[in-house]
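Throughout, numbering of the chain's residues begins at 1 and tracks the sequence. Since we're looking at a predicted model, the values are computed, not measured.
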Amino acid sequence: MEQKLKVGILGATGMVGQRFIALLENHPWYEVTTLAASPRSAGKTYEEAVGGRWKMDTPMPEAVKNLVVMNVNEVEKVAAEVDFVFSAVDMSKEEIRNIEDAYAKTETPVVSNNSAHRWTPDVPMMVPEINPEHAEVIEAQKKRLGTTRGFVAVKPNCSIQAYAPALTAWKEFEPVEVVATTYQAISGAGKTFKEWPEMIENIIPYIGGEEEKSEQEPLRLWGKVEDGVIVKAESPIITCQCVRVPVLNGHTAAVFVKFAKKPTKEQLIEALVNFSGEPQALELPSAPKQFIQYLEEDNRPQVKADVDYENGMGVSIGRLREDTVYDYKFIGLAHNTVRGAAGGAVLCAELLTAKGYIQAK
């Protein structure tokens, strides 16, 4: 790419906004030129607006420290500065839908980390290795919005990244029933241990709205594009429990699967390690070279050892074994704020750029 695309981040001061900034430092295709947040942050430099709330392990990039934060609600003003935006705003679902549509209507593509548009029929919700073809619905969405280049695309919930890729790799064996329990890191709630001391040495067996997302969103990933909308798949049937655990980063899933065509363990492992998609074929900048790794050790994957696999963009699977009630069971792990949030959205943007949907204005 001769000249980098100018990127804005909506909701730049929150944890996912910060993760976007950290991931986009020195990106070969994109340059963060505009940061927008709530009116209370607007007018301050980014460093002032964040204050002592920088939550990443790496230092705040020098390039953004002195950028003056804009008011995210001044849509036309922000949109005039950028080629496209990443959205990580913290608002009600209706407000998020409205503001993302408003940016799209300024002919500014929006790649969103939020859940508000995940079930809008003509908005693609993508894991680029799993359903790149869903980008096709963007043309129907543009007609609805009355735009020529503006649209909204989203990435799915962070919790499903630990098991949906494995189930996709096993599609030929036809998974029909799935039971999953996810053990979810506190960064999924935008928190650190300093801000949430009651999570130390604690487990909370409830995360609002998470079980419904974890059961239904994989079906949308596996759906088909029909007449300009995405029609979700009917199977497998998924039931899920979601538990908050005292881990900073990394969502783990314990999963049981029943197949229509029972495979051998060797076939399942082979399907995992050979699974790749368009991001790998196109060699997109953020794409993991090996999307899924299989770990033979009985005590893996572990958060401390494996969460940063492929810079947090890969998925780790282990403990695959036959089950007495279901056919097989396994453990999956994915980085919830990298692959599961900002990194997954960056990879979506890269795919959409490669396909010509995102271009310089």
Side-chain angles (χ1 to χ4, degrees), residues 111-113 115 117-138 153-176 178 180 182 213-226 229-236 238 240 251 253 255 257 259 268 270-284 286-294 309-310 312-317 330 332-336 338-355 357:
V111 181
S112 178
N113 183 68
S115 64
H117 265 306
R118 286 184 195 153
W119 290 93
T120 304
D122 58 11
V123 170
M125 179 181 80
M126 293 162 62
V127 173
E129 287 88 350
I130 293 177
N131 60 334
E133 71 283 358
H134 284 196
E136 292 169 26
V137 298
I138 287 170
V154 300
K155 51 141 289 294
N157 196 41
C158 49
S159 65
I160 72 171
Q161 315 283 339
Y163 57 92
L167 296 172
T168 307
W170 296 335
K171 209 170 175 182
E172 64 184 294
F173 307 115
E174 297 177 18
V176 287
V178 177
T182 59
K213 293 174 189 172
S214 301
E215 291 169 354
Q216 292 298 313
E217 288 187 16
L219 299 174
R220 192 166 197 259
L221 288 180
W222 300 320
K224 288 193 165 60
V225 178
E226 294 177 13
V229 299
I230 294 157
V231 180
K232 76 170 188 176
E234 293 301 313
S235 69
I238 303 173
C240 198
H251 287 356
V255 188
V257 192
F259 293 99
L268 290 175
E270 188 183 357
L272 290 175
V273 298
N274 290 329
F275 182 64
S276 68
E278 283 195 29
Q280 287 72 36
L282 295 168
E283 297 182 351
L284 299 177
S286 300
K289 287 189 170 50
Q290 176 83 31
F291 181 30
I292 304 174
Q293 69 167 342
Y294 184 76
Y309 168 64
E310 287 279 15
M313 289 297 288
V315 176
S316 299
I317 304 292
F330 70 93
L333 170 68
H335 197 307
N336 56 296
V338 182
R339 169 57 78 161
V346 171
L347 189 61
C348 279
E350 290 170 0
L351 180 73
L352 293 167
T353 302
K355 286 177 171 283
Y357 291 100

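- A distance-only check finds a donor-acceptor pair linking the side chain of Gln280 to the backbone of Pro288 [under 3.5 Å].
- Put simply, the side chain of Asn157 does not reach to within 4.5 Å of the side chain of Ser115, judged on heavy atoms.
- Within 6.0 Å of NZ in Lys224 there are 12 or fewer heavy atoms belonging to other residues, nucleotides or ligands.
- Residues Ile160 and Ser214 approach most closely at CG2-CA, 3.7 Å, considering heavy atoms.
- What you find for Met125 and Lys155 is that their closest heavy atoms are CG-C, 4.0 Å.
- Here the side chains of Pro279 and Leu284 are in contact, with some heavy-atom distance below 4.5 Å.
- Taking a 6.0 Å sphere around CD of Glu226, one finds it holds more than 12 heavy atoms contributed by other residues, nucleotides or ligands.
- The backbone N or O of Pro128 lies less than 3.5 Å from no partner atom in the side chain of Glu278, so there is not a single donor-acceptor pair.
- Here the closest non-hydrogen pair linking Pro156 and Leu221 is CG-CD2, 4.1 Å.
- Thr182 has its side chain within reach of Tyr163: a pair of non-hydrogen atoms, C-beta onward, lies under 4.5 Å apart.
- Side-chain contact between Ile138 and Leu352 is present, with at least one heavy-atom pair separated by less than 4.5 Å.
- Side chains of Trp222 and Leu167 form a contact here, defined as non-hydrogen atoms less than 4.5 Å apart.
- For residues 124-135, the salt bridge (charged side-chain N to carboxylate O under 4.0 Å, His left out) pairs, not counting sequence neighbours, are Glu129-Arg339.
- Taken from CG in Leu272 to OH in Tyr294, the straight-line distance is 8.5 Å, to the nearest 0.5 Å.
- Between Leu219 and Pro236, some side-chain heavy-atom pair lies under the 4.5 Å cut-off.
- The distance from atom CE of Met126 to atom CD1 of Ile230, rounded to the nearest 0.5 Å, is 9.0 Å.
- When all heavy atoms of Val123 and Ala153 are compared, the closest pair comes out as CG1-CA, 4.2 Å.
- Of all the heavy atoms in Val255 and Val257, the pair that sits closest is CG1-CG2, 4.1 Å.
- The backbone N or O of Gly314 lies less than 3.5 Å from no partner atom in the side chain of Gln290, so there is not a single donor-acceptor pair.
- In this structure, the side chains of Pro124 and Tyr357 stay at 4.5 Å or more apart for every pair of heavy atoms.
- No side-chain donor-acceptor contact under 3.5 Å links Arg118 to the backbone of Glu217.
- Using a distance-only test at 3.5 Å, with no hydrogens or angles considered, no donor-acceptor pair links the side chain of Trp170 to the main chain of Ala271.
- For Glu310 (side chain) and Gly312 (main-chain N/O), no donor-acceptor pair under 3.5 Å exists by modelled atom type.
- Aromatic ring orientation, Phe291 versus Phe275: tilted (interplanar angle from 30° to 60°).
- No donor-acceptor pair closer than 3.5 Å links the side chain of Gln161 to the backbone N or O of Cys158.
- Put simply, OG on Ser159 and NZ on Lys213 are 8.0 Å apart, with the number rounded to the nearest 0.5 Å.
- Between Cys348 and Val154, the shortest heavy-atom distance links the atoms SG-O, 4.4 Å.
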